[in-house]
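Shown next, in structure tokens, is the structure this report addresses.
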Number of protein chains: 2
Amino acid sequence: MKKINKTKYVILGMLSAQEMCGYDISKAIQNSIANFWSESNGQLYPTLSKLVREDLILCVSENATNSTSKTPKIYRITKKGLHELKKWLESSIEGVPTFRNELLLKLFFGNQISKKACLQHIVQRKQWATEQYQKYEAKIKNLKISNKNNPSLPYWLLTLEYGLNARKAEINWCIKSIELLEQAN
Amino acid sequence: MKKINKTKYVILGMLSAQEMCGYDISKAIQNSIANFWSESNGQLYPTLSKLVREDLILCVSENATNSTSKTPKIYRITKKGLHELKKWLESSIEGVPTFRNELLLKLFFGNQISKKACLQHIVQRKQWATEQYQKYEAKIKNLKISNKNNPSLPYWLLTLEYGLNARKAEINWCIKSIELLEQAN
DNA sequence: GGAATCATGTAAGTAGTTACATGATTGA
DNA sequence: TCAATCATGTAACTACTTACATGATTCC
């Protein structure tokens with residue numbers, strides 16, 4: 001289950017929808033997949049250059065004339081790139097990585113500190129999960145309106161509902177855990 | 001929300017229960033927190049040395065006489081180490097990192113491939129989540145018996161129930177998503 | 001004029017894994 | 001005797017983030 005760089009596929013995926021510059025891709029990530037994926041500039045820009053070298057994308061705005069250097073570079077996905085993207089999208093997922101969970105780590109050693117301190121961590125998480133839950137609800141509502149006829153809508157909703165469900169489960173776990181700890185000897 | 005190295009606290013936490021060598025710690029991680037935490041040898045051993053230098057743990061088996069080099073080095077947590085551990089356990093959790101989710105990334109771009117291929121990913125995940133769910137159930141059952149009077153039991157159960165809940169939520173999301181996609185246009 | 005935003009990129013560093021090297025001990 | 005497990009550690013590498021540098025454009 002070794003980690004491989006997927007920045008490549010994020011870029012290809014984003015460019016499969018429309019031509020964009022690096023900055024646009026960065027914004028698009030923020031506005032769509034940020035709940036389960038992030039990319040820093042330090043990964044994004046070098047990968048863009050790499051994908052051009054590999055012929056998976058190309059730059060369609062090399063206005064060689066007025067090259068004032070800080071003009072946006074608009075990228076377009078190539079046929080080869082689209083093929084590579086689809087191949088990856090279809091390929092099955094090899095194992096699910098274990099996510100490190102600081103809350104659970106602290107609770108696992110919970111007997112070393114006061115019950116009250118442990119409860120505080122859980123209450124804090126419950127608060128967070130509740131806020132997140134509401135954000136997901138709002139996003140789902142908005143997306144259904146703003147992208148009514150977008151063929152990608154069902155897929156985008158799937159990802160939001162995953163988050164909604166996960167937060168809901170977390171809230172329930174918090175409630176149950178608070179009760180359980182308060183009762184415990 | 002910058003990433004900081006928590007290997008330190010895993011080691012301190014494990015040693016707060018009993019004296020152990022590096023290998024034992026590695027095994028203990030496998031048998032207890034592997035569901036939400038992992039450490040590789042490449043992190044573990046250098047960190048052990050570092051913690052000794054920082055006086056947070058000490059090596060209690062420097063049998064300087066018969067040093068055949070591959071004899072286990074038994075470590076014990078110091079007062080300073082225990083204090084540092086407790087301080088961390090009580091400190092509040094700064095932000096929850098976004099976990100990268102390959103399944104959601106593939107589904108987000110799902111419109112680029114066939115509905116069937118997307119469904120396959122979800123079915124596969126459902127299978128995995130179901131297996132995991134059963135493992136959690138078994139672990140919880142066993143732990144309740146094997147650690148009946150252990151004061152840490154409620155905390156350990158909390159972490160297992162988190163996993164159980166999370167997998168259950170995932171299974172439900174899979175079922176719902178499969179239905180939703182099959183109906184879609 | 002100046003702040004915010006648009007836009008690209010790099011350098012330095014951290015965290016982390018993998019793969020290897022080494023050798024002792026246990027038990028079938 | 002040979003495989004498995006116990007046991008420690010390092011070197012090389014990858015992924016990734018942060019912080020910085022730079023400058024254009026927009027719009028109040």
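Nucleic acid contact for B:Gly42: base, since at least one base atom lies under 4.0 Å from a heavy atom of the residue. No engagement by B:Leu48 is indicated, since no non-hydrogen atom pair under 4.0 Å with the nucleic acid exists.
Looking at the side chain of A:Pro72, the nearest of the listed nucleotides C:dT10, C:dT8, D:dG9 is C:dT8. Each of D:dT10, C:dA7, D:dA15 was ranked by its minimum atom distance to the side chain of A:Gln43; first place goes to D:dA15.
For the pair A:Tyr45 OH and D:dA19 C1', the computed distance is 15 Å after rounding to whole Å. The nearest whole Å value for the distance from the CG atom in A:Leu44 to the P atom in C:dC6 is 15 Å. Summarising the geometry, the separation between CG on A:Asn41 and C1' on C:dT5 is reported as 14 Å, rounded to the nearest angstrom. Between the CG atom of A:Asn5 and the P atom of C:dT18 there is a distance of 16 Å, rounded to whole Å. Here C:dA15 presents its P atom at 12 Å from CH2 of B:Trp37, a figure rounded to the nearest Å. Rounded to an integer number of Å, the gap from B:Glu102 CD to D:dA15 P is 14 Å. Rounded to whole Å, the distance from CD1 on B:Ile11 to P on D:dG9 is 11 Å. As rounded to whole Å, 11 Å separates atom C1' of C:dA7 from atom OH of A:Tyr75.
Contact between the side-chain N/O atoms of B:Lys27 and the OP1/OP2 oxygens of D:dT5 is not found at any separation under 4.0 Å. Between A:Ser38 and D:dT17, a side-chain N or O to OP1/OP2 separation shorter than 4.0 Å is present. Contact annotation: B:Arg100 does not reach the phosphate of D:dA15 (side-chain N/O to OP1 or OP2, under 4.0 Å).
Ring-plane geometry between B:Tyr9 and B:Trp88 is classed as parallel, the angle between the planes falling under 30 degrees on a 0 to 90 degree scale with a further cut at 60. Under the 30°/60° scheme for interplanar angles, the aromatic rings of B:Trp156 and A:Phe108 are found to lie parallel.
Distance check: B:Glu94 CD to A:Gln124 CD gives 8.0 Å after rounding to the nearest 0.5 Å. One distance of note links NZ of A:Lys86 with CD of B:Gln112; it measures 5.5 Å at 0.5 Å rounding.
Not a single donor-acceptor pair under 3.5 Å links the side chain of B:His83 to the backbone N or O of B:Thr78.
Between B:Gly22 and A:Ser40, the residue whose closest nucleotide on DNA chain D is further toward the 5' end is B:Gly22. Positionally, the nearest nucleotide of DNA chain D for B:Ser49 lies more toward the 5' end than for the other of A:Glu39 and B:Ser49.
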